2 protein chains.
Amino acid sequence: MKKLTLEEVGKLAGVSRATVSRVVNGYPHIRPEIRERVQRVIDETGYRPNLLARSLASDRSNIIGLVIPSGAQAVFTDPYFPCLTQGIARGVNTNNLTLALFMVHSEQEEERTILSILGTGLVDGLIVTSDNKGDVFIPELVRHDMPFVQIGRSLYSNQVYRVDTDNVTGSYLATKHLLSLGYQRIATIATNRNCSGDDRFTGYTNAFAEYGRTIDRRLVAYGDYGLESGYHAMRQLIPQRPDAVFVTSDTMALGALRALQEAELRVPDDIAIVGYDDLPPAVQANPQLTTIRQPIEQTGFLAVATLVKILSGEPPESHEIVLPVELVVRASCGAVRMNAGVASAQKANYQVNA
Amino acid sequence: MKKLTLEEVGKLAGVSRATVSRVVNGYPHIRPEIRERVQRVIDETGYRPNLLARSLASDRSNIIGLVIPSGAQAVFTDPYFPCLTQGIARGVNTNNLTLALFMVHSEQEEERTILSILGTGLVDGLIVTSDNKGDVFIPELVRHDMPFVQIGRSLYSNQVYRVDTDNVTGSYLATKHLLSLGYQRIATIATNRNCSGDDRFTGYTNAFAEYGRTIDRRLVAYGDYGLESGYHAMRQLIPQRPDAVFVTSDTMALGALRALQEAELRVPDDIAIVGYDDLPPAVQANPQLTTIRQPIEQTGFLAVATLVKILSGEPPESHEIVLPVELVVRASCGAVRMNAGVASAQKANYQVNA
DNA sequence: TTTCTTCTTGAGAGCGCTCTCAAATAAAAG
DNA sequence: CTTTTATTTGAGAGCGCTCTCAAGAAGAAA
């Protein structure tokens, strides 16, 4: 199975390289008879065009890159990235592209990666998942005018294309839900090093504002979206005696849950909890988490679609796509006490302290 | 910031394209004075070689592909893939390669993907994660003599290079642990559609053999590594009244745990449980899971290293690398009753049924 | 039949790089 | 001061494809 070239296929079919190229790429203006003959040779020989040569000649690699910066150690524990990647992969497949994955582990690697991406012609465009506020990546991309779309909010909005989920509304809904259930001391475990964290905190305060209430700074703790950080933040919060807590990620909520258990506080009886993401951890938790569902997979898919549009030269009208989120009510918020088998198991667990 | 070529850099430095190429690639036999002059021009202009052109000319893309076949829906729920990918990414970075990610969602996509990978010159080699017994991928790769290394066990061992963790020993250890603790009716939740599942079942039977005992088929249930399947398998098992169960993945163990909770069976008092993987779910579980730790990240890293060796023309002596695993004892097996705060929380939870 | 269109095909010039080979220059040897 | 050998450089031929451009074939119009 040696490698064939256009030239050789042409020879076999008795036509020129150019003609073979035309049938391979489905151009019009070919005599059906010839097209068929060439196609037969292609099928018989199993000819496949050399993508590298094609890219070089056409100045289009059809490769797009996905950049996952070093800040995102959560890759391990959080199903967020797999889910997002899944969506991106789907987008890539439906658009006949190839996905290059750039996972950066350290600052130096970041530098090296940027260099190997920019100006090398390897990728046509990029999807950047940086949610980090201090990110230097974006300006660099702009400087090299590398087409890209960012996932999550950006400090450079309006200049970059981005797709995001509606974090402000999401946490507004979560907080409002807690408020409407009558909880008085609603704490939050927020994050402060990333844009989505800011947005989620904004939603939290918005809900308070709507209810004519002000937030109590002592009921605000910070984590980094990781499990451990949720645990520690919750331990910090417990002495303040909150009766509910809005945790801005399910994974952190899992950590918080553990802290609560250790403190022998019952959820939701002693304290209600609402998470964010609606990823598998939300259902694995005990009790199952009331949380905010965001269409992560779709986010990835749309990011690709947007990038494709940009690359095709007809950029989308709007610079941003913000996807809707929804509140998913389960057991942990106390709105629903009984709920199939799971709820009864919870009952068993918690009766002890009743 | 328009794109420079070797030719232009050469013009600026007053040398030929070939010379610039030499300094870019660090070849010897260049007058230091010239090398320096050229280097300065490169630095000043920020010249970056076009990777596509280089690949075409050198017949080496320095891109390797990672194939995640459609069978692996577990991508969502299981941190296995992120972890593996992390290791592969690290390997790719240290070897100055680029990683292309091929995630396949359906059979047709699989076909399409194979075609777009094979014979297109895009990737120099592949890392294949298929653990599926019925996989048609491998023979195809061999037929096109595409260099690759497989992660996990293969039906075609001895012909392909592979790196794997020691599944047989792993489940042998897990089962033996249960046996040594004196459990009498040790069930297992296995999987039967993949190679690692076979190996893990073998380890289970090996341990029984060592203890001069035979396994009871009624105590064997099957899942697919997913959470739900663990739940259903456990429900099937409960009527057989096992006093311990070895679940061949932590994620399934989580599902099993839920079934047990619903049945108001206490872990480990009424039934002990041992998982496999030692991924985050093991620690998130309540009680925390005794499990088998396997070096997944390292598996990925070594797979890349192996592939690199193959590509360099000096293939490794051995066709397989099998990494050691270890037993991690936590609360779920009943070997350790008290164990920091977590254990006390468990105590609280389970007292109710005492 | 001749002339003008329209359709179909091939020739050939790149894309930006690598790499061989031979020319040119410098150093060593006779 | 030649001749031999080693070192440094440039010319040029690809890699396999795309794409423009013009030539040839065929059909329509005159």
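Here is how names work: the chains are called A, B, and so on, in the same order as the sequence lines, proteins then strands, and each is numbered from 1. This is a predicted model, so every value here is computed, not measured.
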Exercise. With a 3.5 Å cut-off and no angle check, do the side chains of A:Tyr161 and A:Ser318 form a donor-acceptor pair?
Worked result: no
Exercise. Hey, is B:Glu7 close enough to B:Arg17 for a salt bridge, meaning N to O under 4.0 Å?
Worked result: yes
For this session: Grab the CZ-C1' distance between B:Arg31 and C:dA27 for me, whole Å please.
Result: 14 Å
For this session: Classify the nucleic acid contact of B:Asp59 as base, sugar-phosphate or nothing, counting any heavy atom under 4.0 Å across all strands shown.
Result: nothing
For this session: With a 4.0 angstrom cut-off to heavy atoms of chain A, pull out the first and last contacting nucleotide of DNA chain D, in 5'-to-3' order.
Result: D:dG16 to D:dT20
Problem set entry | Sugar-phosphate, base or nothing in reach of A:Ile30, heavy atoms under 4.0 Å | sugar-phosphate
Exercise. A:Leu51 near the nucleic acid: base, sugar-phosphate alone, or nothing, with a heavy-atom cut-off under 4.0 Å?
Worked result: nothing
Problem set entry | Within 45° cone of B:Tyr27 ring axis and under 6.0 Å: B:Arg22 NZ or CZ | no
For this session: Could you pick out which residue, B:Leu56 or B:Ala18, lies toward the 5' side of DNA chain D when each is mapped onto its nearest nucleotide?
Result: B:Ala18
For this session: Would you mind telling me which residue lines up with the more 5' stretch of DNA chain C, A:Ser58 or A:Arg22, judged by nearest nucleotide?
Result: A:Arg22
Exercise. Do you see a donor-acceptor pair shorter than 3.5 Å between the side chains of B:Ser196 and B:Tyr225?
Worked result: yes
Exercise. Between the side chains of B:Gln159 and B:His319, is a donor N or O closer than 3.5 angstrom to an acceptor N or O?
Worked result: no
Exercise. Do B:Asn96 and A:Arg112 get their side chains close enough for a donor-acceptor pair, meaning under 3.5 Å?
Worked result: yes
For this session: Answer with base, sugar-phosphate or nothing: what part of the nucleic acid does A:Leu52 contact at a heavy-atom distance below 4.0 Å?
Result: nothing
Exercise. Do any side-chain nitrogens or oxygens of A:Ser16 fall under 4.0 Å of OP1 or OP2 in C:dT9?
Worked result: no
Exercise. Can you check whether A:His29 has a side-chain N or O nearer than 4.0 Å to OP1 or OP2 of C:dC7?
Worked result: no
